Structure formats: structure tokens, C-alpha cells
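Below is one structure, written out as C-alpha cells; the observations come after it.
Sequence lines set the chain letters: A, B, ... in the order given, protein chains first and strands last, and positions in each chain run from 1. Just the heavy atoms: all of them, side chains too, but no hydrogens, waters or symmetry mates, feed the values below. Everything quoted here is computed from the prediction, not taken from an experiment.
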Amino acid sequence: MSKVYKPSPISGFPEYLPEIRRVEQQWIDHIRSVFESYGFCNIETPAVEEIEVLMAKGETDKEIYALSRLQADPKDKSDSRLALRFDQTVPLARYTAQHFNELVFPFKRYQIQKVWRGERPQIGREREFYQCDIDVLAVDNLPLHFDAEMPAVIYEALMGLDIGNIQIKISNRKILIGLLQTLEIKDVISTTRIIDKLDKIGEDGVRKSLSEEVGISEQNIDTLLKLSTIKTRDAAVLKTALSALNVESEVFNEGLEELCFVLDYLSFMPDGAMIADLSIVRGLDYYTGTVYETNLLDIPEFTSSVCSGGRYDDLASSYINKKLPGVGISIGLTRLFSVLLENGYIKPAAKSPADILMVLPSEDKRALAQQTAQQLRAKGYKVELYHAPQKIKKQMAYAEKKAIPFVWFPPFDDAQPHELKNMETGEQGAISVESLKL
RNA sequence: GCGGCUGUAGCUCAGUGGUAGAGCUCUCGGUUGUGGUCCGAGUGGUCGCGGGUUCAAGCCCCGUCAGUCGCCCCA
């Protein structure tokens with residue numbers, strides 16, 4: 001026996017057995033069909049972008065994987081300007097700018113692809129993962145209706161995955177930004193970051209951090225907390241609560257109007273599916289208006305957002321001399337899937353997609369078995385032909401192990417009929433291609 | 001990037017200084033053309049790696065790498 005190299009799994013780069021991957025594929029199929037039902041069209045962009053493009057929005061703290069060739073001549077720099085994408089929004093902005101003249105606006109697209117981030121992996125934080133993005137980009141002006149459409153699409157997509165109830169939390173950054181301007185709080189990034197953690201560290205934690213880390217006065221903290229603890233799905237309630245703060249700010253009022261519009265538009269959604277939650281601000285990032293986060297209500301192990309996004313005013317301005325406002329949201333498919341898998345919420349599918357295993361009784365009957373399999377496939381069934389005329393016991397065990405629900409026996413001699421066996425019930429009887437109905 | 005914990009068979013783990021183990025998985029068998037259960041047999045390990053202490057190290061010490069959890073940040 002020769003020495004084998006024993007590879008270890010690469011942490012942060014998940015790979016699944018067929019029975020698990022099939023579930024992931026079903027999820028992707030479902031999400032895709034919901035996206036398409038709203039008219040989003042698909043694109044794929046390359047795994048790599050120019051580093052210049054990825055960094056265009058200023059310094060990003062996302063850990064980026066750069067590209068290099070092992071055999072590259074040190075003087076050859078042709079690949080060193082490339083890196084793996086860390087999200088799909090930046091490539092979308094580049095794509096839209098590049099194909100501007102050939103696209104129809106508003107440009108509604110979805111993208112289900114992998115992205116890469118070189119961060120320390122944990123459960124629910126991989127280094128290679130799928131994102132399922134929908135975005136709408138328009139020229140100059142993007143109607144607010146699209147801000148309202150995002151949660152509707154996402155609700156449908158996630159509810160179809162059989163993972164319990166979900167709640168989409170919506171806010172508008174302008175409200176908080178306006179308030180911060182009025183209160184003359186300069187350190188917007190730190191302040192929003194802390195407020196964003198309200199869920200995690202609680203009111204007292206936020207109070208402490210705002211006071212110690214940003215140096216905000218007691219009175220201003222009270223106001224900030226009064227704002228960020230507002231939760232309602234009723235636009236009128238929201239208006240009342242916010243006017244009680246007496247903020248004189250155009251930005252603030254604009255955010256309020258926008259958020260009310262979205263709430264009103266989504267009033268058809270079921271109870272609990274959607275809520276305005278003013279603690280949602282989404283850290284720093286490029287968002288300028290509406291922002292979203294999504295929680296799973298029935299999975300206690302899952303506390304972080306599975307799906308977030310928002311509106312951005314000018315993401316493409318680095319690549320084109322036009323104003324292309326957009327709004328988008330992204331399902332963190334791998335995060336969602338891997339956490340649920342880890343906690344036993346994912347029921348593995350059958351190890352094989354096949355409906356029927358075609359038994360191969362003997363080499364003489366191979367042509368018959370193959371032909372029968374082909375006829376069944378033409379009727380839309382998925383059929384695997386067993387590869388060798390081994391003992392029937394072996395062929396059955398194979399079907400059993402792969403969880404193929406039916407086994408088809410071609411006649412062992414010409415006088416006999418075809419037979420079909422239901423592996424679950426054990427029933428077996430004569431059958432013909434024409435009469436088959438599973 | 002910072003801190004805690006853990007590395008023994010494909011997987012889950014036991015083994016507290018004296019011959020490397022269990023369960024599950026996997027392969028084969030239990031005679032005619034039929035799976036699961038059951039029974040029997042077998043494969044599989046440089047105990048992460050390197051050094052040190054010791055007559056003797058999977059076990060103790062140092063280093064290192066990897067994994068994992070938390071923080072930062074995020075899908």
C-alpha cells in the first residue's frame with residue numbers, strides 16, 4: 001500500500017454529501033422560481049473582479065482573497081490585479097455600468113452565486129458561501145415601490161423553505177442620520193454600530209457604550225434610545241412616536257415619509273411578517289435609505305440576520321458618469337443552511353434523485369433493460385440502470401442504500417411480464433411502461 | 001487581528017506513565033431470482049507535527065500547525 005496524503009477538510013469551505021446537497025439545490029430552485037415570478041432576470045458575473053473595482057467604494061474591511069499563479073513569472077503582474085468577489089452588489093454595479101447601453105431600466109436582476117471572505121470561520125460564518133441577491137437599479141430615480149417589493153419577494157422565498165415563520169425588520173437610515181445631525185453627533189459610524197447591537201447587548205449595553213465610547217450626553221442617549229426602540233408595523237403609530245421627539249430635520253422627515261410609504265404598501269402582509277424596527281441601521285456600508293434585516297422566529301439557535309439589504313443612491317458612480325440608485329436584498333443561503341443543518345433542522349433527501357432502479361438480470365437482457373429505462377425516461381421518470389448483472393440481492397441493497405423508491409424487474413425470461421416493486425411497502429406486481437403511474 | 005477550549009480509526013468518542021480500544025459506518029459471508037432486521041468475519045490509526053523529560057510518553061513539559069467557540073465584523 002502506498003502512502004496516501006490525508007487531506008483535512010478546509011474550514012470555512014463547506015461541502016455536503018449528495019443527500020444534503022439535494023436539499024440545498026431544492027432551496028436554490030425554489031428561491032430562483034420566486035425571484036423569477038416577480039420578473040427578476042438572472043445574470044452571472046465572474047468569480048474575480050479587478051481589485052480596483054472591489055475597492056472602489058473606499059477601504060473595505062472585508063477580507064479579500066487575491067489571485068495569483070504559482071508558476072507566474074515574478075515580473076508578470078497580469079493576475080495580481082484580480083481578487084475574488086466578497087459580495088454581489090459591487091460586481092452588479094460594475095456590470096450595470098459596463099453594459100449600461102444594452103440593459104433595460106429599471107434593471108431587475110437576481111444572482112445566486114458564491115462569494116468569498118477570508119474571515120475567521122464559525123458556524124454560520126463560512127469563507128465560501130452562497131448569496132441570493134435581488135436588486136433593482138434605475139437611472140436617476142428609483143420609485144419607492146421597489147423598496148416595498150423587496151420584503152414581499154423575500155417573505156415568499158423564505159416561507160417556502162419550510163423553516164418556520166420569519167420576520168422582516170425594516171427601517172430607514174435617514175431617520176437616524178437626521179436625528180444625529182440635529183443632535184450634532186459627529187461620530188455617525190460608531191454611533192450607528194452601537195445602536196445596531198441593541199438586540200444583542202440590550203438598552204443598558206447601548207447606553208453604556210454610547211456614553212463611554214462616543215461620549216454622548218445622557219439626554220441625547222435618551223433621545224436615541226427612544227427612537228431606536230420603536231417597533232411597529234403601523235405607519236400612523238410610527239408618525240406619532242417620531243413626532244414626539246420634536247426633530248426639526250428635513251432628512252429625518254424624508255426618512256419618515258419613505259418608511260411610512262413602505263409600511264403602507266406592505267399592509268397586505270400577514271401579521272408578524274414585517275415590522276418597522278428603528279434599531280436596524282446596518283453598520284456602515286453604502287446604504288442611504290431603506291434598510292432590511294430578517295429573523296427566523298421559530299429557530300432559537302438562529303439569532304443573526306439571514307437576509308439583509310437596503311437602498312443605495314450611487315453605487316455605480318465610480319464606474320459610470322450617471323446616477324444609478326438601487327435597492328437590493330440578499331439571502332445568506334449558506335449561513336441559513338449551515339446553521340439549520342448543524343442544529344438538525346434539515347432532513348436529508350434521498351441519496352439519489354432516481355425514481356426507479358432498473359435491475360439488470362443478466363448480460364443477455366442488458367439491451368431490454370436499457371431500452372425500457374429509456375422509455376421510462378421519455379415519460380419523465382428518473383431511472384438508473386444497474387451497472388452489472390450481479391446478484392439480485394446486491395442490486396436491491398443498492399436501491400435501498402440510495403433510497404430509490406422503486407425497483408423495476410425486466411423479465412428474466414421471455415414468457416414473464418415486467419415487474420415493479422415498491423421498496424417502501426414491499427409490494428411487487430406486473431407492470432408495463434404504458435400503465436406506469438407513480 | 002485578539003482571547004478560551006480541543007487534536008486518538010471514515011464518524012462519535014473512551015483510554016490519567018507500562019502491548020492501541022469501543023460503538024456506528026464500510027467490505028465480505030449466512031447456497032435457488034428480492035433490500036431493510038438479525039448473526040458471523042474482515043478492512044481501517046506514525047495517537048496533528050517537531051523537540052524535550054523518563055528505563056518507558058497517546059498521557060507530563062516546550063514549541064508549532066490545525067480545528068472550534070467567543071470578541072471584532074458580517075450573509
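Across the protein-nucleic acid pair, Lys351(A) atom NZ and rU25(B) atom P stand 11 Å apart, rounded to whole Å. Per the geometry, CD belonging to Glu342(A) stands 11 Å off P belonging to rU12(B), to the nearest Å. Regarding Glu427(A), its CD atom lies at a distance of 19 Å from the P atom of rU34(B), rounded to whole Å.
With 3.5 Å as the limit, one finds a donor-acceptor pair spanning the side chains of Arg109(A) and Gln111(A).
Taking only distance into account, the side chain of Gln395(A) never meets the base of rU34(B) through a donor-acceptor pair shorter than 3.5 Å. A donor and an acceptor atom never sit less than 3.5 Å apart when one is taken from the side chain of Lys393(A) and the other from the base of rU34(B). Judged by atom type and distance alone, Arg335(A) reaches the base of rC74(B) through a side-chain donor-acceptor pair under 3.5 Å. Evaluation of atom-type donor-acceptor distances gives a pair under 3.5 Å for the side chain of Arg125(A) against the base of rC73(B). Taking only distance into account, the side chain of Gln416(A) meets the base of rG33(B) through a donor-acceptor pair shorter than 3.5 Å.
Residue contacts shown for Glu126(A) include a base, since a base heavy atom lies under 4.0 Å away. Heavy atoms of Ser330(A) sit nowhere under 4.0 angstrom from any nucleic acid atom. At the heavy-atom level, Val115(A) lies nowhere under 4.0 Å from the strands shown. Looking at heavy-atom distances under 4.0 Å, Ser305(A) makes contact with sugar-phosphate atoms alone, never a base. Using a 4.0 Å heavy-atom criterion, one finds that Ala399(A) contacts no nucleic acid atom at all. If you check every strand for non-hydrogen atoms under 4.0 Å, Lys197(A) touches sugar and phosphate atoms only. Within 4.0 Å (heavy atoms only), Phe409(A) reaches at least one base atom of the nucleic acid.
Relative orientation of the Phe107(A) and Tyr95(A) rings is parallel, given thresholds of 30° and 60° on the angle between their planes.
Base pairing annotation: rU54(B) forms no Watson-Crick or G-U wobble pair, as no partner gives both donor-acceptor distances under 3.5 Å. Using the Watson-Crick or G-U wobble rule with both distances under 3.5 Å, rG36(B) pairs with nothing in any strand shown. rC5(B) and rG67(B) make up a base pair, with Watson-Crick or G-U wobble contacts both under 3.5 Å. In a base pair of the Watson-Crick type (N1 to N3 plus N6-O4 or O6-N4) or a G-U wobble (N1-O2 and O6-N3), with each distance short of 3.5 Å, rU43(B) is matched with no nucleotide. Across all strands shown, rG23(B) pairs with rC11(B); the Watson-Crick or G-U wobble distances both stay below 3.5 Å.
Each of Lys391(A) and Ala397(A) was assigned the nucleotide of RNA chain B with the nearest heavy atom; the assignment lying further toward the 5' end belongs to Lys391(A).
Remark: Lys365(A) is not in phosphate contact with rG33(B), judged by side-chain N or O atoms under 4.0 Å from OP1 or OP2. Proximity of Lys421(A) to the phosphate of rG33(B): no side-chain N or O atom is located under 4.0 Å from OP1 or OP2.
Phe409(A) and His418(A) have their aromatic ring centers separated by at least 6.0 angstrom. Aromatic pair Trp116(A)/Phe86(A): centroids not less than 6.0 angstrom apart.
A salt bridge does not link Glu119(A) to Arg127(A): none of the charged nitrogens lies less than 4.0 Å from a carboxylate oxygen. For the pair Lys108(A) and Glu149(A), the salt-bridge criterion is met [side-chain N within less than 4.0 Å of a carboxylate O].
Comparing atom distances between the Asp413(A) side chain and each of rG36(B), rG33(B), rC73(B) picks out rG33(B) as nearest.
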